[in-house]
A.B. asks: 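Let me give you the structure first, and then I'll get to my questions.
Just follow the structure's listing: the first ligand is 1, and inside any ligand the first atom is 1.
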Amino acid sequence: MRRIFVAGNWKMHKTIAEAKELVSGILSGLGQYDNVEAAVCPSYLAVPAVSELCEGTPLKVGAQNVYWEESGAYTAEVAPQMVAEVCDYVIVGHSERRKLFGETDETVNKRLKAALKAGLKVIVCVGETLEENEAGETEKVVTRQMKDGLADISAEQAMDITIAYEPVWAIGTGRAATPEDANHVHKDVIRPLLNAQFGEERGESIRIQYGGSIKPNNAAELFSMSDIDGGLVGGASLDAESFLAIIKAASKVLNG
Ligand code: 13P
């Protein structure tokens, strides 16, 4: 059976009080869409409060990053087991981390391994920049990010991974990839790499989310594509009504 996974990445938005209000709004409308898996990823500080409100509900909670060491003199970093103590998911390799904070495929791989070891489920982000896209390098860049980011991961570990394909030029621009273009990268680039590394049965079952300007009005056509198994939503996840509308679109696609 097909599963759709919609996650909200709140980025550096929402104080603890605002996060609680937002998640309460989402929870109050979520019940009717129980065929969709949904998660929210607040800032570190708001994660415990949001997790508490989500306890016993279907809404999952994640952090937006994690460090790879277990403890030590790493001022301001957060260790995998610290994250695992307060939530179930974590995002690694977001393009904003890559662009603004020096994240590389190698550090993505370190974070991924450490997070999996701590029992977290991990959303691994990949995606090309506008420059790379225009140079026709999408396939090359995404292949490198996938191979190096997922290096040494076993088929068993892969069951706790979701891939998020987020073309950088589509993030926060209001200019989403077309469903056909996004599906092409999912189906013809990412899926074959997953199948090759983890075997076809497992490779086919790993979810590949699309991210980049998903809105209530384009979610259904994106989620209708064969290899778009959900979305990583930024701006539209900051409002309960629009996030719920995206989850509703996913639910409708699943119900045919
Ligand atoms: P937007 O939905 O705001 O384009 O952001 C996408 C994103 O970066 C999610 O991680």
A.B. asks: By number and element, which atoms of ligand 1 are closer than 4.0 Å to a non-hydrogen atom of Ala170?
C.D. replies: 4 (O)
A.B. asks: Quick check: Gly172 and ligand 1, any N/O pair under 3.5 Å apart?
C.D. replies: yes
A.B. asks: State, with a plain yes or no, whether a side-chain heavy atom of Ser237 is found less than 4.5 Å away from one of Val40.
C.D. replies: no
A.B. asks: Near Gly212, which atoms of ligand 1 are under 4.0 Å from a heavy atom of that residue?
C.D. replies: 4 (O), 6 (C)
A.B. asks: Less than 3.5 Å between some nitrogen or oxygen of Gly234 and one of ligand 1, yes or no?
C.D. replies: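 Between Gly234 and ligand 1 (N or O atoms, distance only) the closest approach is under 3.5 Å.
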A.B. asks: Would you say the side-chain atoms of Thr173 pair up with the backbone N or O of Trp169, donor to acceptor, closer than 3.5 Å?
C.D. replies: yes
A.B. asks: With heavy atoms under 4.0 Å as the rule, classify the contact between Asn9 and ligand 1 as side chain, backbone, both or neither.
C.D. replies: side chain
A.B. asks: Can you sort out the partners of Tyr74 under ring-ring contact (aromatic ring centres under 6.0 Å, His included), two or more places apart, ordered by chain and number?
C.D. replies: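 So Tyr74 forms a ring-ring contact (aromatic ring centres under 6.0 Å, His included) with Tyr67.
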A.B. asks: Taking only non-hydrogen atoms of Ser213, do any sit less than 4.0 angstrom from ligand 1?
C.D. replies: yes
A.B. asks: Quick check: does any side chain N or O of Gln81 sit under 3.5 Å from a backbone N or O of Glu70, one acting as donor and the other as acceptor?
C.D. replies: yes
A.B. asks: Within the side chain of Asn218, is there an N or O that forms a donor-acceptor pair under 3.5 Å with the backbone of Ser213?
C.D. replies: yes
A.B. asks: Name the option, out of Glu166, Gln209, His94, that contains the heavy atom nearest to atom 6 (C) of ligand 1.
C.D. replies: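 Ranked by closest heavy atom to atom 6 (C) of ligand 1, first place is Glu166.
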A.B. asks: At a 4.0 Å cut-off, with the gap strictly under it, does some heavy atom of Lys215 reach an atom of ligand 1?
C.D. replies: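 Lys215 does not count as a contact of ligand 1 under the 4.0 Å cut-off.
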A.B. asks: For a side-chain contact (heavy atoms from CB on, under 4.5 Å) with Asn35, tell me which candidate from Val253, Ile247, Ile4, Asn255 qualifies.
C.D. replies: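 It is Asn255, the one option of Val253, Ile247, Ile4, Asn255 that forms the side-chain contact (heavy atoms from CB on, under 4.5 Å) with Asn35.
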A.B. asks: Not counting sequence neighbours, which residues clear ring-ring contact (aromatic ring centres under 6.0 Å, His included) with Tyr165? List them please.
C.D. replies: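 Checked Tyr165 against ring-ring contact (aromatic ring centres under 6.0 Å, His included); matches are His186.
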A.B. asks: Should the proximity of Ala164 to ligand 1, defined as any heavy atom under 4.0 Å, be assigned to the side chain, the backbone, both, or neither?
C.D. replies: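 The answer is neither.
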A.B. asks: Identify, by atom number and element, the atoms of ligand 1 in contact range of Gly235, meaning under 4.0 Å from any of its heavy atoms.
C.D. replies: 1 (P), 2 (O), 3 (O)
